[in-house]
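Here the structure is a predicted model, which means the values were calculated and not measured.
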Amino acid sequence: MIAEEENTPAKKPFLATTPGVVLACLAACFLWGSAFPCVKIGYELFGVDSADVPSILAFAGTRFVIAGLMVVAGVSLAARRAFVPERRDLPAIGVLSLFQTVLQYILFYVGLANCAGVTSSILEASNSFLCVLLAALVFHSERLTGRKVLGCLVGFAGVVLVNVAGESGGLSFTLTGEGMVLLSTVAAATSSNLAKRFSREHDPVLLSGWQFVIGGAVLLVAGLALGGHVAPADAANPLPALALLAYLGFISAGAYSLWSLALAANPVSRVAVFGFMNPVFGVLLSAVLLGETNVVSPMVAVAALALVSLGIVVVNRPEAAAGSARREA
């Protein structure tokens, strides 16, 4: 009896199973996809101009402080104890907040204010490929193969297509717009690999919540110090603006916590494959909420998303499956 129990394989955690990782990642991607149009709506409700960088930073900081406090308060209530980091957690929280919140969202918020939600959502798809490349070349946690390189090239073809073949004609790429959004994906991909590495020794949800609190506070203080403001444009009826700000906080709290838990339970490439759903949800929700149906023609958007999706499928195709197919042939 004892021998049988010792030989029984340990049961996988739910997030390490296919249904678990699918549900967690799709939920996270839907939330992130809704962030593209909701941030732009937030700029309108809070009277933030695309040229007012200090107010953009203050707005972002407020959102992320709220997100972090949501995570900390929620887990504290569920566990009936204060969900606070220990001294050994602080270096990891500091490094993660630098890449995940401060660098990524300084670049992202400034860029999003200067380009269309549809375009930015598809550019964000490059995060999936950057995660794979960094995991292999920088963090050495996975092997980079010709198949993965091919998949990255196919996916980036979709990113280029949406900029070259947009209805405006010619190349649509500016450093302060699309360039900033693209650079933000580098920071995001770095943070995903860091989250995977740190999860070996730290609670991923604790890292998620407190890096938002610290990173958000940095953005908020910097924005206010530079003369920014965070206040509903309609002082007589602030509820819509405040409700949207709370939802934006929930997006970050829910999506990043789910993503961190999925990364902790799975290889980076297995989680990154679902990143293609960010632009899918982003395109659909930007069209519905912002009416951005003419920024990128439907055919170009579909073709770009098809290339992005194909690239991720190629990147994540199991080597064993490919080898088995060749042997059977």
Side-chain angles (χ1 to χ4, degrees), residues 30-74 76 93 97-121 124 174 176-177 180-181 183-184 187-188 208-257 282 285-286 288-292:
F30 177 85
L31 289 171
W32 274 324
S34 71
F36 296 111
C38 286
V39 165
K40 295 180 81 72
I41 294 172
Y43 286 164
E44 295 180 6
L45 293 177
F46 281 84
V48 176
D49 186 82
S50 62
D52 187 359
V53 174
S55 292
I56 289 175
L57 295 182
F59 180 78
T62 303
R63 170 193 172 185
F64 295 127
V65 169
I66 291 173
L69 293 177
M70 282 183 174
V71 174
V72 173
S76 295
I93 290 172
S97 67
L98 175 63
F99 285 95
Q100 170 61 28
T101 301
V102 178
L103 285 179
Q104 181 187 176
Y105 286 99
I106 284 178
L107 296 167
F108 175 74
Y109 269 77
V110 174
L112 186 61
N114 292 288
C115 70
V118 169
T119 306
S120 62
S121 67
E124 282 284 299
T174 63
T176 57
M180 290 289 191
V181 173
L183 286 174
S184 76
S208 171
W210 282 101
Q211 69 86 17
F212 273 134
V213 172
I214 294 174
V218 170
L219 294 181
L220 177 57
V221 170
L224 294 177
L226 293 172
H229 69 278
V230 184
D234 186 356
N237 183 26
L239 288 181
L242 296 177
L244 181 66
L245 185 60
Y247 176 69
L248 286 170
F250 173 74
I251 287 174
S252 298
Y256 192 69
S257 293
L285 294 173
S286 290
V288 172
L289 298 177
L290 299 178
E292 290 185 349

So do V39 and R63 actually touch side chain to side chain, heavy atoms under 4.5 Å?
yes
To the nearest 0.5 Å, what is the distance between CZ (F212) and OG (S97)?
10.5 Å
Kindly compute the distance separating CD1 (I214) from CG (L98), expressed to the nearest 0.5 Å.
11.5 Å
Do F99 and Q104 make a side-chain contact, defined as non-hydrogen atoms from C-beta onward lying under 4.5 Å apart?
no
Rounded to the nearest 0.5 Å, how far apart are OG1 of T176 and CG of L107?
12.0 Å
Check: S55 side chain, H229 main-chain N or O, donor-acceptor pair, under 3.5 Å
yes
Compare every heavy atom of V65 with every heavy atom of A217, then report the nearest pair and how far apart it is.
N-CG2, 3.4 Å
Write down the atom of A255, the atom of L31, and the distance for their closest heavy-atom approach.
N-CD1, 3.7 Å
Return the minimal non-hydrogen interatomic distance between L285 and G33, and the atom names on each side.
CD1-C, 3.9 Å
With a 6.0 Å cut-off (strictly less than), is the heavy-atom count around CZ of F250, excluding the residue itself, greater than 12?
no
Are L183 and F108 close enough that some pair of their side-chain heavy atoms sits under 4.5 Å apart?
no
Can you tell which of F64, F46, Y105 makes a ring pair (Phe, Tyr, Trp, His ring centres under 6.0 Å) with F59?
F46
Show the nearest heavy-atom pair for residues A235 and P238, with the distance to one decimal.
O-CD, 3.6 Å
Residues L242 and P232: closest non-hydrogen pair is CD2-CG, 4.3 Å
Distance check, rounded to the nearest 0.5 Å: Q100 atom CD versus S252 atom OG?
8.0 Å
Could you tell me whether the side chain of L226 reaches within less than 4.5 Å of the side chain of V53, counting heavy atoms only?
no
Checking side-chain contact (heavy atoms from CB on, under 4.5 Å) for the pair L219/T101: CA distance, chi angles, key distance, verdict?
CA-CA 8 Å; L219 294 181; T101 301; 4.1 Å; yes
Which atoms form the tightest heavy-atom contact between S208 and S257, and what is the distance?
OG-OG, 3.2 Å
Test item: S184 side-chain N/O and V181 main-chain N/O as donor-acceptor pair under 3.5 Å
yes
I56 vs Y43 side-chain heavy atoms within contact, under 4.5 Å
yes
Would you indicate whether the side-chain heavy atoms of L244 and C38 approach each other to under 4.5 Å?
yes
Just how far is it from atom CD1 of I251 to atom OG of S34, taken to the nearest 0.5 Å?
3.5 Å
